[in-house]
Amino acid sequence: MELFSVEFYVLMFTLAAMLVGLIVKPKDKSAAETSFATAMVLDREADMAPRIEFRCLENGDVALIRSGLSGLTDTATVALAITRIGFDISIEERVTPGIGGSPIERATFILGNLGAERYHVTYNSSSFSLFLATGLVNRPGVNFTRCFTQA
């Protein structure tokens with residue numbers, strides 16, 4: 001003796017699937033905000049390994065130190081295009097070589113307007129064919145280093 005028809009079970013399964021879909025649907029993303037940062041300090045360094053050091057400062061800003069900039073001088077311009085959508089930060093490095101000057105291997109940037117949150121950061125350096133993806137928990141005193149992979 002069958003309690004319900006096959007059509008009833010199909011209808012219930014479909015409604016349950018729709019309900020699960022609505023529950024797990026991600027929230028709408030906020031608008032993209034793009035800002036630009038130019039290196040504050042260009043200097044030399046003994047270790048030439050391409051990497052990024054993140055230093056979370058007391059005021060909520062993040063110091064980003066890009067190491068391993070080979071073949072550049074202090075007349076070069078190293079800048080970042082920073083696109084932020086919610087808690088996702090995408091950084092595109094832009095390098096304009098200079099003429100003459102002293103060799104440099106490191107550039108320092110400040111990322112401002114970040115809350116005490118967890119962010120997902122991607123960093124792309126087309127000039128050096130390097131890519132990096134990491135998580136960033138912006139809490140005062142948090143410091144860590146990530147090495148690049150070849151793009």
Side-chain angles (χ1 to χ4, degrees), residues 12-151:
M12 288 297 114
F13 178 76
T14 305
L15 288 174
M18 288 174 44
L19 185 61
V20 168
L22 288 173
I23 291 171
V24 299
K25 179 183 173 189
K27 296 178 184 173
D28 292 333
K29 290 194 172 198
S30 60
E33 300 172 9
T34 301
S35 60
F36 301 93
T38 303
M40 296 175 17
V41 178
L42 296 172
D43 57 2
R44 301 217 49 180
E45 172 180 51
D47 185 5
M48 288 288 295
R51 66 186 184 285
I52 294 182
E53 182 180 345
F54 295 89
R55 294 183 185 166
C56 300
L57 307 176
E58 293 295 325
N59 65 357
D61 292 346
V62 176
L64 188 143
I65 302 164
R66 164 68 161 98
S67 299
L69 295 167
S70 59
L72 297 178
T73 64
D74 58 3
T75 60
T77 301
V78 182
L80 302 178
I82 305 159
T83 303
R84 181 175 161 197
I85 302 173
F87 299 111
D88 294 329
I89 300 173
S90 176
I91 301 172
E92 182 69 35
E93 180 181 88
R94 298 177 180 175
V95 176
T96 305
I99 299 172
S102 303
I104 59 129
E105 290 89 20
R106 184 169 58 187
T108 302
F109 304 90
I110 297 291
L111 305 180
N113 300 322
L114 297 179
E117 298 288 346
R118 181 182 305 257
Y119 295 93
H120 179 259
V121 179
T122 57
Y123 190 106
N124 186 41
S125 174
S126 301
S127 304
F128 293 94
S129 297
L130 298 171
F131 178 80
L132 173 118
T134 188
L136 166 66
V137 179
N138 189 15
R139 302 276 190 266
V142 172
N143 299 322
F144 62 95
T145 302
R146 296 291 184 262
C147 295
F148 282 103
T149 58
Q150 292 291 328

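Because the structure is predicted, anything quoted here is derived from the model rather than measured.
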K.L.:
Stepwise, does the side chain to side chain contact (heavy atoms under 4.5 Å, CB included) test hold for L114 with R84?
P.N.:
CA-CA 10 Å; L114 297 179; R84 181 175 161 197; 3.8 Å; yes

K.L.:
Between S127 and V95, what is the shortest heavy-atom contact and its length?
P.N.:
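Nearest heavy atoms, S127 then V95: OG-CB, 3.7 Å.
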
K.L.:
Side chains of N124 and S126: does their closest heavy-atom pair fall under 4.5 Å?
P.N.:
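They are in side-chain contact.
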
K.L.:
Judged by atom type as modelled, is there a donor-acceptor pair below 3.5 Å linking the side chain of S102 to the main-chain atoms of D74?
P.N.:
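Such a contact is absent between S102 side chain and D74 backbone.
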
K.L.:
With a 4.5 Å limit on heavy-atom distance, are the side chains of V62 and Y119 in contact?
P.N.:
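Sidechains of Y119 and V62: no contact.
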
K.L.:
Measure the shortest side-chain to side-chain distance between F36 and I82 over non-hydrogen atoms and say whether it is less than 4.5 angstrom.
P.N.:
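The answer is no; the side chains never approach within 4.5 Å.
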
K.L.:
Surrounding CD1 of I99 (heavy atoms of other residues, nucleotides or ligands, distance under 6.0 Å), is the total greater than 12?
P.N.:
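12 or below, so no.
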
K.L.:
Which pairs pass side chain to side chain donor-acceptor pair (under 3.5 Å) with one or both residues in residues 52-65, sequence neighbours excluded?
P.N.:
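Counting only pairs at least two positions apart or across chains, the side chain to side chain donor-acceptor pair (under 3.5 Å) contacts touching residues 52-65 are E53-R55, N59-D61.
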
K.L.:
Please round to the nearest 0.5 Å and tell me the distance separating atom CZ of F131 and atom CZ of F148.
P.N.:
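Separation between the atoms: 10.0 Å.
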
K.L.:
Any side-chain heavy atom of R66 sitting closer than 4.5 Å to one from L130?
P.N.:
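Yes, close enough: below the 4.5 Å cut-off.
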
K.L.:
So how far is it from I65 CD1 to F109 CZ, rounded to the nearest 0.5 Å?
P.N.:
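CZ of F109 is found 10.5 Å from CD1 of I65.
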
K.L.:
Check whether any side-chain heavy atom of L136 lies under 4.5 Å from a side-chain heavy atom of C56, and answer yes or no.
P.N.:
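Side-chain contact under 4.5 Å: yes.
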
K.L.:
Mind jotting down which residue pairs meet the side chain to side chain donor-acceptor pair (under 3.5 Å) criterion with at least one end in residues 132-144? Sequence neighbours excluded, please.
P.N.:
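Of all non-adjacent pairs touching residues 132-144, those that pass side chain to side chain donor-acceptor pair (under 3.5 Å) are T134-R146.
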
K.L.:
How far does OG1 of T73 sit from CD1 of I104, to the nearest 0.5 angstrom?
P.N.:
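Going from OG1 on T73 over to CD1 on I104, the span is 7.0 Å.
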
K.L.:
For L64, run the side chain to side chain contact (heavy atoms under 4.5 Å, CB included) check against I110, I91, T108 and tell me which one passes.
P.N.:
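That would be I91; it is the only one of I110, I91, T108 passing the side chain to side chain contact (heavy atoms under 4.5 Å, CB included) with L64.
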
K.L.:
So do V142 and F54 actually touch side chain to side chain, heavy atoms under 4.5 Å?
P.N.:
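Of all side-chain heavy-atom pairs linking V142 with F54, none is under 4.5 Å.
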
K.L.:
Please find the pair of heavy atoms, one from T83 and one from A32, that lie closest to each other, and give the distance.
P.N.:
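Nearest pair, atom of T83 first, then A32: CG2-CB, 4.2 Å.
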
K.L.:
Work out which heavy atom in A39 is nearest to a heavy atom in A107; give both atom names and the distance.
P.N.:
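A39 and A107 have their closest heavy atoms at CB-CB, 3.8 Å.
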
K.L.:
Within the 4.5 Å heavy-atom criterion, are E93 and L69 side-chain neighbours or not?
P.N.:
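When only atoms from C-beta onward are counted, L69 and E93 do touch, with a gap below 4.5 Å.
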
K.L.:
Within the structure provided, determine whether V121 and I52 are in side-chain contact (heavy-atom separation under 4.5 Å).
P.N.:
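They are not in contact (no side-chain heavy atoms under 4.5 Å apart), so the answer is no.
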
